Amino acid sequence: MSLGYAEKLSFIEDVGNVGMTEHFDPSTILREKIEQLAIMIKKSKHLVVFTGAGISTSCGLPDFRGPKGIWTLQREGKALPEASLPFHRAVPSLTHMALVELEKAGILKFVISQNVDGLHLRSGIPREKLSELHGNSFMETCPSCGAEYFRDFEVETIGLKETSRRCSDAKCGARLKDTVLDWEDALPPKEMNPAEKHCKQADIVLCLGTSLQITPACNLPLKALRGGGKVVIVNLQKTPKDKNASLVIHGFSDKVIAGVMEHLNLRIPPFIRIDLFQIIVVHALSNDKRYVNWTLQVASSHAQKAALPFVKSVEVSFSDKEGFKEAILDKQPFRLKRRTAYNKTFEMVLNLNFGDGCGCSSLEVDVPIDFMSSTDCFNFDKDIIFQKLRDKAVFESKCGQNAVIERKAILTPKSHITTYAIVTNVVHYSKPVPDSVTNGDLKKRKDLMIGTGSSWKRSKVSKGKSISKKV
């Protein structure tokens with residue numbers, strides 16, 4: 001079982017109980033504060049957003065200090081909450097996507113996140129405009145050349161340890177490391193330095209869904225004050241930094257940000273998730289050269305031997321029924337071995353059944369096989385293909401759109417590899433339901449995010465430990 005979001009950060013600290021009780025501004029006051037925040041943002045020249053676990057609760061991920069948060073339940077000796085879908089299928093919240101639109105509009109200059117859920121990157125915030133102070137559960141980095149790899153699966157380690165994969169750069173090949181900090185790890189300068197720089201430049205640092213109790217991260221927003229900037233806090237609980245804020249809003253971040261976007265006449269874009277997979281056919285002639293021994297594999301495009309987390313099973317059938325037996329591949333790696341006559345051409349039909357959290361249930365792919373002919377190799381511009389898939393998904397308001405983005409041949413062992421891109425989630429965001437018990441219910445959430453199960457990384461609870469690294 002892989003390590004999960006909540007247990008990567010699961011511990012009880014001994015810094016007091018500030019902010020354990022939820023507070024809600026009355027509706028009239030909330031509306032006034034939302035309008036005030038919208039005016040501040042409209043006038044802002046350098047807006048920085050500082051985020052915590054509270055912006056991800058509507059994504060099905062637990063928070064920490066709320067009444068049903070991880071640390072609260074641990075203190076009370078209660079069971080931890082079940083996630084509503086697998087961690088790797090979490091969908092960005094309304095707040096995440098609103099920040100994407102603010103960045104595209106040139107209003108938002110930088111995002112600082114204490115979360116390790118990877119949702120800011122997945123939502124579309126540019127990497128160069130994001131500091132992930134405590135790492136990213138889906139990111140691996142090369143300690144030699146600095147290359148980063150954003151995965152569709154949860155990296156199996158924490159604490160900046162080596163993983164089972166290597167840098168794909170042929171000139172490098174160093175063993176990759178995870179990016180999630182353990183307790184003794186200092187905040188990385190690569191993330192901390194730009195965060196400090198932008199906070200000092202900011203005229204507004206907007207803190208969303210964070211208790212602002214974990215040092216040194218919680219002191220970053222205050223750096224704006226020295227240059228005349230302002231701090232705004234949106235959180236359900238009181239924080240130790242409320243006294244330093246020009247505006248404190250007690251409410252769900254999704255509801256507040258939806259109101260701000262409405263005042264600014266900005267739309268909240270839909271979230272379109274595109275996943276990749278490969279179909280690999282490896283083949284070799286028999287000794288008498290009359291037959292071909294071949295292997296089909298449906299595999300991850302992220303790394304060799306990596307799991308394909310969004311595919312549950314693969315059904316293999318053939319258009320020509322004579323001499324071919326159908327198969328169901330329900331365990332990873334999805335692999336099928338067969339032998340056919342060398343001069344035999346045929347077509348396989350693969351039905352990929354997707355797992356929990358995907359917005360579409362399956363995809364059918366036709367795979368023509370001709371061992372006597374050569375394979376045409378190509379590599380399309382991925383950005384262009386992805387944009388076409390996104391546009392089509394938005395227009396049709398559904399997922400399942402797919403395209404081949406690359407095809408290549410390898411001589412040893414003789415292989416044909418085809419890489420596919422498929423839209424696996426389309427989420428349109430509506431205004432949160434007033435007084436909702438969740439952090440901004442989303443239209444279509446029920447249809448697109450049904451699923452159970454989550455992975456938990458750490459079960460040991462450390463009491464009385466100094467908190468200086470994580471949130």
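Positions are given from 1, in the same order as the sequence printed here. Here the structure is a predicted model, which means the values were calculated and not measured. We use all heavy atoms of the structure for the numbers below, so side chains are in, but hydrogens, waters and symmetry mates are not.
Closest approach of Pro221 and Val231 over heavy atoms only: O-CG2, 3.5 Å. The shortest non-hydrogen separation linking Leu108 to Leu99 is CD2-O, 3.5 Å. In this structure, Pro194 and Pro189 approach most closely via the heavy-atom pair CD-O, 3.8 Å. The two atoms that bring Gly400 and Asn402 nearest to each other are O-ND2, 3.1 Å, heavy atoms only. When all heavy atoms are compared, the tightest approach of Glu162 to Thr157 is O-CG2, 4.1 Å. Across Pro270 and Arg267, no two heavy atoms sit closer than the pair CD-NH1, 3.6 Å.
When each of His46, His120, His198 is paired with Phe110, the ring-ring contact (aromatic ring centres under 6.0 Å, His included) condition holds for His198 and for no other.
Here the side chains of Leu212 and Asn235 are not in contact, with every heavy-atom distance at 4.5 Å or above. Between Ser56 and Leu119, the closest side-chain pair of non-hydrogen atoms falls below 4.5 Å. When side chains are defined from C-beta on, Met139 does not count as touching Asp178, because their heavy atoms never get closer than 4.5 Å. Taking the side chain as every heavy atom from C-beta outward, Ile384 and Lys388 approach each other to under 4.5 Å. Between Leu220 and Leu133, the closest side-chain pair of non-hydrogen atoms falls below 4.5 Å. With a 4.5 Å cut-off on side-chain heavy atoms, Lys255 and Leu30 count as touching. With contacts defined as side-chain heavy-atom distances shorter than 4.5 Å, the pair Val394/Val426 does not qualify. At a threshold of 4.5 Å between non-hydrogen side-chain atoms, the residues Leu308 and Phe310 count as touching.
Atom OH of Tyr429 sits about 14.0 Å away from atom CD1 of Ile257, to the nearest 0.5 Å. The structure places CG of Asp117 at 14.5 Å from NE2 of His88, a figure rounded to the nearest 0.5 Å. One finds the NZ atom of Lys177 at 10.0 Å from the SG atom of Cys142 (value rounded to the nearest 0.5 Å). With rounding to the nearest 0.5 angstrom, the NZ atom of Lys104 is 9.0 Å from the CD1 atom of Ile125. To the nearest 0.5 Å, atoms CG (Leu389) and SG (Cys399) are separated by 11.5 Å. Between atom CG of residue Leu176 and atom OG of residue Ser168 there is a gap of 8.0 Å, rounded to the nearest 0.5 Å.
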Apply side chain to side chain donor-acceptor pair (under 3.5 Å) to residues Thr51 and Ser113 and explain how you reach the verdict. CA-CA 5 Å; Thr51 65; Ser113 180; 3.3 Å; yes
Pair Leu264, Lys42 - check side chain to side chain contact (heavy atoms under 4.5 Å, CB included), show working. CA-CA 7 Å; Leu264 295 175; Lys42 189 174 183 179; 3.8 Å; yes
Give the C-alpha distance, both sets of side-chain angles, the deciding distance and a yes or no for side chain to side chain donor-acceptor pair (under 3.5 Å) between Gln278 and Thr419. CA-CA 4 Å; Gln278 292 182 334; Thr419 303; 3.3 Å; yes
Audit row: Phe354, Phe277, ring pair (Phe, Tyr, Trp, His ring centres under 6.0 Å) steps and yes/no: CA-CA 12 Å; Phe354 300 134; Phe277 67 91; 7.6 Å; no
Side chain to side chain contact (heavy atoms under 4.5 Å, CB included) between Ile112 and Val48: does it pass, once the steps are laid out? CA-CA 8 Å; Ile112 304 166; Val48 173; 3.8 Å; yes
Step by step, work out the side chain to side chain contact (heavy atoms under 4.5 Å, CB included) result for Ile39 and Glu35. CA-CA 6 Å; Ile39 293 171; Glu35 183 176 0; 4.3 Å; yes
Evaluate the side chain to side chain contact (heavy atoms under 4.5 Å, CB included) criterion for residues Gln237 and Ser211: first the C-alpha distance (whole Å), next the side-chain angles of each, then the deciding distance (0.1 Å), finally the verdict. CA-CA 7 Å; Gln237 297 87 27; Ser211 63; 5.6 Å; no
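In terms of modelled atom types and a separation under 3.5 Å, the side chain of His263 and the main chain of Val260 share no donor-acceptor contact. A donor-acceptor pair is defined here as one N or O able to donate and one able to accept, closer than 3.5 Å; such a pair exists between the side chain of Lys33 and the backbone of Val248. Although no hydrogens or angles enter the test, the distance criterion places a donor-acceptor pair under 3.5 Å between the side chain of Glu191 and the main chain of Glu132. Formation of a donor-acceptor pair under 3.5 Å by the Ser93 side chain with backbone atoms of Ile55 is found in this model. In this structure a side-chain-to-backbone donor-acceptor pair under 3.5 Å is missing from Thr424 to Cys358. In terms of modelled atom types and a separation under 3.5 Å, the side chain of Lys43 and the main chain of Met40 share no donor-acceptor contact. Put simply, the side chain of Arg127 gets close to the backbone of Leu130: a donor and an acceptor are under 3.5 Å apart. At distances below 3.5 Å, not a single donor-acceptor pair connects side-chain atoms of Tyr149 with backbone N or O atoms of Ala303. A donor-acceptor pair is defined here as one N or O able to donate and one able to accept, closer than 3.5 Å; no such pair exists between the side chain of Lys398 and the backbone of Phe395. Judged purely by atom type and a 3.5 angstrom limit, Asn379 has no side-chain atom pairing as donor or acceptor with the backbone of Glu406.
For the residue pair Asp383 / Gln387, no side-chain donor-acceptor distance below 3.5 Å is found, with atom types taken as modelled. A donor-acceptor contact closer than 3.5 angstrom links the side chains of Ser44 and Asp203. Using modelled atom types and a 3.5 Å distance limit, the side chains of Thr210 and Gln114 yield a donor-acceptor pair. With no hydrogens or angles considered, no side-chain donor-acceptor pair links Arg151 and Ser300 at under 3.5 Å.
Between Phe138 and Phe87, the ring-plane angle classifies as tilted under the 30° and 60° cut-offs. Under the 30°/60° scheme for interplanar angles, the aromatic rings of His250 and His23 are found to be tilted.
With a 6.0 Å radius and a threshold of 12 heavy atoms from other residues, nucleotides or ligands, Glu128 has its CD atom above the threshold. Within a 6.0 Å sphere centred on NZ of Lys161, heavy atoms belonging to other residues, nucleotides or ligands number more than 12. The environment of Phe150 atom CZ is dense: over 12 non-hydrogen atoms of other residues, nucleotides or ligands sit within 6.0 angstrom.
Between Asp275 and Arg89, at least one side-chain N (NZ, or NE/NH1/NH2) sits under 4.0 Å from a carboxylate O, which counts as a salt bridge. Salt bridge status for Arg165 with Glu156: present, with a side-chain N to carboxylate O gap under 4.0 Å.
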